[in-house]
Amino acid sequence: MPLIPKDKIMIETDGPFLVPRLGVPRGFKERRNESCFLPMILNELAKCMDLSPDELAEYSTQNALSFFNISFKQ
């Protein structure tokens, strides 16, 4: 059983001073956490959850839309 259910996970940058340690290019260690790091976080988390990055991105997007009650009307 996964620790984080797929229907609850969201990927975001709410920790401005928690820069990822893995995969961040040199020189970024002293900077703030920024949205440009989300793909690195997504890839590592997808590995841990045994999902493809695309699958995890879809779960995260759908969960965020639901959580914030966002809908797109066509």
Side-chain angles (χ1 to χ4, degrees):
M1 180 172 168
L3 294 175
I4 303 171
K6 294 176 197 171
D7 66 336
K8 302 291 184 211
I9 193 138
M10 284 190 274
I11 301 171
E12 43 80 27
T13 57
D14 195 35
F17 299 104
L18 298 173
V19 178
R21 292 177 183 245
L22 299 174
V24 176
R26 229 182 244 291
F28 279 90
K29 296 288 186 198
E30 314 309 324
R31 295 183 60 190
R32 295 173 53 97
N33 192 9
E34 298 177 11
S35 57
C36 66
F37 299 137
L38 286 175
M40 289 178 268
I41 295 166
L42 176 78
N43 288 330
E44 288 300 315
L45 191 54
K47 287 180 200 174
C48 293
M49 295 183 73
D50 199 26
L51 296 169
S52 75
D54 288 339
E55 287 175 304
L56 184 55
E58 183 63 27
Y59 285 120
S60 178
T61 299
Q62 291 307 314
N63 294 337
L65 292 172
S66 175
F67 183 84
F68 293 106
N69 197 24
I70 299 170
S71 63
F72 295 100
K73 297 185 180 189
Q74 296 181 355

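Treat the numbers as computed from the prediction; the structure is a model and nothing was measured. If you read the sequence from its start, that first residue is 1, and numbering goes on from there.
For the atom pair CD (Glu58) and CD (Glu55), the distance works out to 10.0 Å, reported to the nearest 0.5 Å. Here the NZ-CG distance, from Lys6 to Leu51, works out to 5.0 Å after rounding to the nearest 0.5 Å. A distance of 4.0 Å separates CD1 in Ile9 from CD1 in Ile4, rounded to the nearest 0.5 Å. Rounded to the nearest 0.5 angstrom, Ser60 OG and Leu38 CG are separated by 8.5 Å. The CE atom of Met49 sits 10.5 Å away from the CG atom of Leu42 when rounded to the nearest 0.5 Å. In this structure, Leu45 CG and Met40 CE are separated by 14.0 Å, a value rounded to the nearest 0.5 Å.
Checking side-chain atoms of Ser66 against main-chain N and O of Gln62 turns up no donor-acceptor pair under 3.5 Å.
The number of heavy atoms from other shown groups lying within 6.0 Å of CG (Asp50) does not exceed 12.
Here the closest non-hydrogen pair linking Asp7 and Asn63 is O-OD1, 3.2 Å. Here the closest non-hydrogen pair linking Ala64 and Met10 is CA-SD, 3.5 Å.
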